[in-house]
Amino acid sequence: MNPVNFLIGSILSLFPRWLVKPFAKPYVAGETMGVALDHIKSLNGKGFAATVDILGEHVESKKEAHSITMDYLDILDAIYEKGLDCNLSIKPTHIGLDVGYETAKENLFMLLEKASDTKNFIRIDMENTPYTDASIKLYLEALIQFSNVGPVIQAYLHRSPDDIKRLNGEKLNVRICKGIYKESEHHAIQSGSRINEQYLELVKMILNGNGYVAIATHDISLVDATDKWITSNNIPKDRFEFQILYGVPMGGKLEELLAKGYTVRQYVPFGEEWFDYSVRRLKENPKIITYVLKNMFRS
Ligand code: FDA
């Protein structure tokens, strides 16, 4: 990694917002719902499905959690009215899990009612390990009443094969990702190659069963390995999709997947809380900084 990029990525969180904003732009679809939905319309026009997320997490009051829930309800209405191919991704602590389990459950169920009325689907994002059990419980309780809901399982957690065994079945629609949070050895595999092995194992477990899997990764070798297995096992295209975070460069891979007739969904975050999210993205891939600088000086 270029040491200058690495250094800029590391100190970015100390910079003022106006300075970080140009670097944030590729990763965040604006600050308002209207702008985000315009981006989603344009993605749909290029053949991509989307999942939309309001940036933010860990709200501390019932009132805030309710207000975020109302914003998500508005988005569901707008998606329906505009006929967009877009579902929702929601963090449990954004709709009140830190306030209390019942608060998050009440808000999630309100969203699922509306999502059912507007023929939509809600993905429950997975946060760090203090929230894993509660997030899976929310999913399982929701599944009793609703079918338009799915969890996320992180490939780096030791527990994940057991979780997939427990959840596997025709009702399962799960996103598999590597896992973004810093977790101890006690909870998570630390070796990158072992995480990739477990990732592939989890995908196989789901597809050897009856579930649907969203393969969420920017790791091209992993995309290729899953695609190879899917092809050689004649897995039908309606059993899986690929997912990436909006703005992460994939060097033509997405268009290749679309050309094969696969569903490719982009995770589109928006909102006023873009700063922390963008700094995290830039730390993960400081190469972006060079692209943005080149573009800034070109125009
Ligand atoms: P890996 O980290 O090996 O990266 C592969 C390549 O992509 C590297 O070259 C890297 O630089 C680049 N890259 C990866 N991520 C990047 C980024 N964000 N910005 C710029 N470049 C990047 N995690 C979680 O814990 N809970 C969740 O609910 C979700 N949800 C989720 C949804 C979707 C659609 C995606 C794509 C990812 C998530 N994640 C997540 C994040 C996930 O767990 C993981 O941390 C990141 O995607 C990075 O891992 P990769 O699989 O991309 O591989």
Side-chain angles (χ1 to χ4, degrees), residues 1-2 5-6 9 12 23-29 43 48-53 55 57 86-94 97 122-132 135-136 138-139 149-157 159-160 163 173-183 187-200 202-203 213-226 240-251 253-254 257 263-269 274 276-292:
M1 183 184 295
N2 176 330
N5 280 348
F6 179 75
L12 216 53
F23 300 100
K25 219 172 162 201
Y27 291 122
V28 177
L43 287 174
F48 296 105
T51 183
V52 66
D53 160 68
L55 289 168
E57 56 209 348
C86 178
N87 60 37
L88 302 194
S89 285
I90 290 173
K91 289 193 171 45
T93 68
H94 206 194
L97 190 55
I122 294 183
R123 173 77 58 204
I124 305 172
D125 280 353
M126 186 58 82
E127 301 179 82
N128 45 341
T129 44
Y131 302 102
T132 313
S135 301
I136 292 178
L138 275 174
Y139 161 67
V149 58
V152 175
I153 294 291
Q154 296 154 321
Y156 65 178
L157 294 187
R159 60 179 283 169
S160 292
D163 284 329
N173 176 334
V174 60
R175 174 194 297 149
I176 303 290
C177 64
K178 289 191 188 182
I180 194 81
Y181 303 91
K182 183 120 195 76
E183 297 288 357
H187 290 298
I189 303 167
Q190 308 290 318
S191 139
S193 58
R194 274 286 302 119
I195 295 171
N196 280 19
E197 277 169 32
Q198 179 146 298
Y199 194 113
L200 200 52
L202 297 175
V203 170
V213 62
I215 302 152
T217 180
H218 315 101
D219 184 338
I220 306 277
S221 67
L222 200 50
V223 170
D224 287 343
T226 45
F240 64 90
E241 66 185 52
F242 289 91
Q243 294 190 347
I244 63 138
L245 301 178
Y246 178 75
V248 175
M250 293 290 285
K253 184 50 78 178
L254 302 184
L257 296 173
T263 300
V264 181
R265 189 178 302 276
Q266 301 212 17
Y267 183 111
V268 180
W274 53 267
D276 290 347
Y277 178 82
S278 313
V279 168
R280 277 207 301 273
R281 301 283 78 82
L282 290 163
K283 278 184 182 166
E284 277 165 39
N285 192 353
K287 268 193 277 176
I288 292 287
I289 291 164
T290 323
Y291 302 143
V292 175

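Positions are given from 1 along the sequence. Because only heavy atoms are used, hydrogens play no part in the values below, and waters and symmetry mates are left out as well, while side chains stay in. Numbering of ligands and ligand atoms starts at 1, following listing order.
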### ligand 1 N/O within reach of Val152 N/O, cut-off under 3.5 Å
no
### Query
Taking all non-hydrogen atoms of both residues, which atom of Pro269 and which atom of Leu55 are closest, and how far apart?
CB-CD2, 3.5 Å
### Query
Which ligand 1 atoms, with their elements, are less than 4.0 angstrom from a heavy-atom of Tyr267?
32 (C), 34 (C)
### Query
Are any of the N or O atoms of Val248 closer than 3.5 Å to those of ligand 1?
no
### Query
Ignoring hydrogens and geometry, is there a side-chain-to-backbone donor-acceptor pair from Glu57 to His94 under 3.5 Å?
no
### Task
Keeping the roles fixed (side chain from Gln190, backbone from Glu183), state whether a donor-acceptor pair exists under 3.5 Å.
yes
### Query
Of the backbone atoms (N, CA, C, O) and the side-chain heavy atoms from C-beta on, which set of Asp125 has a member under 4.0 Å from an atom of ligand 1: side chain, backbone, both, or neither?
both
### Query
Counting only heavy atoms, which portion of Thr217 has something under 4.0 Å from ligand 1: side chain, backbone, both, or neither?
both
### Summary
Within 4.0 Å of some non-hydrogen atom of Gln243, the atoms of ligand 1 are 34 (C), 36 (C)
### Task
Measure from the side-chain N and O atoms of Tyr27 to the backbone N and O of Val268, and report whether any donor-acceptor pair falls under 3.5 Å.
no
### Phe242/Gln266 under side chain to side chain contact (heavy atoms under 4.5 Å, CB included): CA gap, chis, key distance, verdict
CA-CA 9 Å; Phe242 289 91; Gln266 301 212 17; over 6 Å; no
### Query
Got an N/O contact under 3.5 Å between Lys178 and ligand 1?
yes
#### Entry: Region of Glu127 engaging ligand 1 - heavy atom pairs below 4.0 Å
neither
### Task
May I ask you to decide whether Glu127 forms a salt bridge with Lys91, counting only side-chain N to carboxylate O separations under 4.0 Å?
no
### Message
Can you tell me if Tyr27 contacts ligand 1 (heavy atom of the residue under 4.0 Å from the ligand)?
### Response
yes
### Query
Given side chains that start at C-beta, do those of Leu254 and Ile244 come closer than 4.5 Å, heavy atoms only?
yes
### Of the listed options His218, Gln154, Glu241, closest to atom 52 (O) of ligand 1 (non-hydrogen atoms)
His218
### Query
At the 4.0 Å heavy-atom cut-off, does Arg123 count as touching ligand 1?
no
### Task
Look only at the side chain of Tyr199 and the backbone of Ile176, and say whether a donor-acceptor pair between them is shorter than 3.5 Å.
yes
#### Entry: Within-cut-off N or O pair, Gly179 and ligand 1, under 3.5 Å
yes
### Message
Using a plain distance cutoff, I'd like to know if Tyr181 has any nitrogen or oxygen under 3.5 Å from a nitrogen or oxygen of ligand 1.
### Response
no
### Task
Run the salt-bridge test on Arg175 and Asp125 with the 4.0 Å N-O cut-off and return the result as yes or no.
yes
